[in-house]
Amino acid sequence: MFGITKEPLDPEPLVAAVRRDESGAVALFYGVVRNENLGRTVQYLEYDAYPEMAIKKMREVADEVRARFTVTGVGVLHRIGRLEIGETSLLVAVSSGHRREAFEACHFAVDRIKQIVPIWKKEVWDDGSAWIEGHMPDVPRPSESRG
């Protein structure tokens, strides 16, 4: 399951979509709007996306996850539009036979989504706003992903 929506995100359908009978673990990541960034009080966030390309890139991330980790399912949902403090902007679910693989694969997927999926975030403060550039997080190399 991959999607871009303006509606609030519900994790249950995503978890159901990635869980298989052979899955001993499902790792679920919630990206949540926080009220502070770099010492500034955040009022709310706005997300925008190029949905067709974003979904294509989400599928590409899932293919990378499957190539690097032994997983049984991968799914990504991202919300766009105005999001208030505490609302969920991103859900990533990864299932695997074992918890370590599910956690590591989910972490990798979140980092790759931030690197390559065309979704943009605007932070709005009391005294202004700015489109926030993503950062290049550390992404585990293939030799680090298997334990």
Euclidean distance, [Y] [atom2] relative to [X] [atom1], rounded to 0.5 Å:
{"X": "Ile80", "Y": "Ile119", "atom1": "CD1", "atom2": "CD1", "result": "8.0 Å"}
{"X": "Met58", "Y": "Leu90", "atom1": "CE", "atom2": "CG", "result": "7.0 Å"}
{"X": "Tyr47", "Y": "Lys121", "atom1": "OH", "atom2": "NZ", "result": "4.5 Å"}
{"X": "Arg68", "Y": "Phe108", "atom1": "CZ", "atom2": "CZ", "result": "3.5 Å"}
{"X": "Glu60", "Y": "Ile55", "atom1": "CD", "atom2": "CD1", "result": "14.0 Å"}
{"X": "Phe103", "Y": "Leu28", "atom1": "CZ", "atom2": "CG", "result": "10.5 Å"}

Fill in: side chain to side chain donor-acceptor pair (under 3.5 Å) contacts in which one or both residues fall within residues 71-83, not counting sequence neighbours
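Every pair satisfying side chain to side chain donor-acceptor pair (under 3.5 Å) with a residue in residues 71-83: Ser23-Thr72, Thr72-Ser95, Arg79-Glu87, Arg82-Glu84.
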
Worksheet entry | Full working for salt bridge (charged side-chain N to carboxylate O under 4.0 Å, His left out) between Arg100 and Glu104 | CA-CA 6 Å; Arg100 181 176 179 172; Glu104 290 176 356; 2.9 Å; yes

Between the main-chain N or O of [Y] and the side-chain N or O of [X], is there a donor-acceptor pair closer than 3.5 Å?
{"X": "Thr88", "Y": "Leu9", "result": "no"}
{"X": "Arg20", "Y": "Ala17", "result": "yes"}
{"X": "Glu123", "Y": "Leu45", "result": "no"}
{"X": "Glu36", "Y": "Leu38", "result": "yes"}

Worksheet item: Ion pair present between Arg66 and Asp63, side-chain N to carboxylate O less than 4.0 angstrom?
Response: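 Here Arg66 pairs with Asp63 in a salt bridge, since their nearest N and O are under 4.0 Å apart.
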
Please list, chain by chain and in numerical order, all residues satisfying salt bridge (charged side-chain N to carboxylate O under 4.0 Å, His left out) with [X], sequence neighbours excluded.
{"X": "Glu64", "result": "Arg112"}
{"X": "Arg19", "result": "Asp21"}
{"X": "Arg40", "result": "Asp127"}

Practice prompt. Please tell me if the side chains of Phe69 and Ser96 come closer than 4.5 Å, counting only heavy atoms from C-beta onward.
Written response: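 No, side chains not in contact.
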
Worksheet item: Looking at side-chain heavy atoms only, is the closest gap between Lys122 and Ile132 below 4.5 Å?
Response: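 No; the side chains remain at least 4.5 Å from each other.
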
Do the side chains of [X] and [Y] join up, straight or via other hydrophobic residues, at under 4.5 Å, putting them in one cluster?
{"X": "Leu14", "Y": "Val26", "answer": "yes"}
{"X": "Val65", "Y": "Val18", "answer": "no"}
{"X": "Val15", "Y": "Leu91", "answer": "yes"}

Practice prompt. Assess whether atom CZ of Phe29 is packed by more than 12 heavy atoms of other residues, nucleotides or ligands within 6.0 Å.
Written response: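 It does: Phe29 CZ has more than 12 such atoms within range.
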
Practice prompt. Determine which pairs satisfy salt bridge (Lys or Arg N to Asp or Glu O under 4.0 Å) with at least one residue from residues 4-14, sequence neighbours left out, and list them in order.
Written response: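 For residues 4-14: none.
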
Worksheet item: Members other than Val124 in its cluster, when Ile, Leu, Val, Met, Phe, Trp, Tyr link by side-chain heavy atoms under 4.5 Å?
Response: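 Other cluster members: Tyr44.
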
Worksheet item: Looking at Val61, Val92, Val76, which hits side chain to side chain contact (heavy atoms under 4.5 Å, CB included) with Val110?
Response: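 Going through Val61, Val92, Val76 one by one, the side chain to side chain contact (heavy atoms under 4.5 Å, CB included) with Val110 is satisfied by Val92 alone.
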
